[in-house]
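Right, one structure below, let's go through it.
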Amino acid sequence: MKRAIYPGTFDPFTNGHLDIVHRAAALFDEVIVTVARNSSKKPLFTTDERIDMIKESISSLNTVHVDSFEGLLVKYAKEKKAQVIIRGLRMISDFEFEFQMALMNRKLAEDITTVFLMPDERYTYLSSSIVREIAQLGGGCGPFVPQGIEKRLKEKYSS
Ligand code: ADP
């Protein structure tokens with residue numbers, strides 16, 4: 001049984017994240033998309049809102065589950081009996097930080113492997129922060145996020 005976790009802030013979940021989830025689901029028996037609760041990023045959406053949005057987006061994938069975590073990622077991975085951490089790589093600019101994190105996590109837990117997946121080229125320019133910025137400025141985010149998330153972004157910025 002190969003179980004992978006896909007951690008992130010997902011503020012909000014985008015089509016790039018969804019692309020990575022589909023690829024991971026094709027490779028592993030079970031995938032847990034897990035929302036970071038202790039993010040220093042001051043997220044726009046609450047943890048529960050982010051979990052709901054991800055659940056709605058992945059409802060057709062029955063080997064994918066959604067959870068949240070706090071604290072050390074490798075500790076959480078062990079608790080969940082996951083052997084793999086999934087991360088998405090968009091550009092060279094992601095590489096330095098991701099490489100450092102992956103090596104540090106390996107130092108902390110030799111038996112957990114980080115696997116990097118690349119999204120379709122269409123999503124390489126996409127990030128949650130650019131989606132938030134577009135929404136804040138009143139632009140349409142429909143092409144960049146799974147169904148239902150554009151409406152939630154509009155609601156956030158109108159309140
Ligand atoms: P974090 O705060 O962990 O960077 P994010 O929600 O920004 O959280 O991203 C979670 C993971 O998804 C990271 O590995 C990130 O590189 C990856 N990711 C983000 N956007 C995309 C995208 N458009 N395509 C592929 N991977 C992505």
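On a predicted model such as this, the values are computed, not experimentally measured, just so you know. Both counts, for ligands and for their atoms, begin at 1 and track the order of listing.
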Tell me whether the rings of His17 and Phe13 are parallel (<30°), tilted (30 to 60°) or perpendicular (>60°).
parallel
Just heavy atoms, cut-off under 4.0 Å: does Thr9 contact ligand 1 by side chain, backbone, both, or neither?
both
Which distance, rounded to the nearest 0.5 Å, do you find between the OG1 of Thr14 and the CZ of Phe144?
10.5 Å
One thing to verify: whether Glu56 and Arg152 come together as a salt bridge, which I'm taking to mean a side-chain N less than 4.0 angstrom from a carboxylate O.
yes
Which ligand 1 atoms are under 4.0 Å away from a heavy-atom of Gly16?
22 (C), 23 (N), 24 (N), 25 (C)
Is any side-chain N of the basic residue among Glu155 and Lys151 closer than 4.0 Å to the acidic one's carboxylate O?
yes
Leu89-ligand 1 polar pair, N/O distance under 3.5 Å:
no
Salt-bridge present (Arg3, Asp29; N to O < 4.0 Å)
no
One finds that the ligand 1 atoms under 4.0 Å from a non-hydrogen atom of Arg87 are 1 (P), 3 (O), 4 (O), 10 (C), 11 (C), 13 (C), 14 (O)
Would you call Glu30 and Lys2 a salt bridge, using N to O less than 4.0 angstrom?
no
Under 4.0 Å from any heavy atom of Glu98, which atoms of ligand 1 are there?
14 (O), 16 (O)
Can you find an N or O of Pro7 that's nearer than 3.5 Å to an N or O of ligand 1?
no
Under 3.5 Å between some N or O of ligand 1 and some N or O of Asp11?
no
Decide whether Arg37 and Ser68 meet the rule of one side-chain donor and one side-chain acceptor closer than 3.5 Å.
yes
Side chain, backbone, both or neither: which part of Ser127 comes within less than 4.0 Å of ligand 1 when only heavy atoms are counted?
neither
Ligand 1 versus Met118: contacting region, heavy-atom distance under 4.0 Å:
neither
Side chain, backbone, both or neither: Arg90 near ligand 1, heavy atoms under 4.0 Å:
side chain
Is there a donor-acceptor pair closer than 3.5 Å between any side-chain N or O of Asp19 and the backbone N or O of Asn15?
no
Per-atom filter on ligand 1: closer than 4.0 angstrom to a heavy atom of Ile20 are 25 (C), 26 (N)
State, without any angle test, whether Thr34 and Tyr76 hold a side-chain donor-acceptor pair at a distance under 3.5 Å.
yes
Less than 4.0 Å is my threshold; does some heavy atom of Tyr6 fall inside it relative to ligand 1?
yes
Show which atoms of ligand 1 fall inside a sub-4.0 Å distance from at least one heavy-atom site of Gly8.
3 (O), 8 (O), 10 (C)
Looking only at distance, does Pro119 have an N or O less than 3.5 Å from an N or O of ligand 1?
no
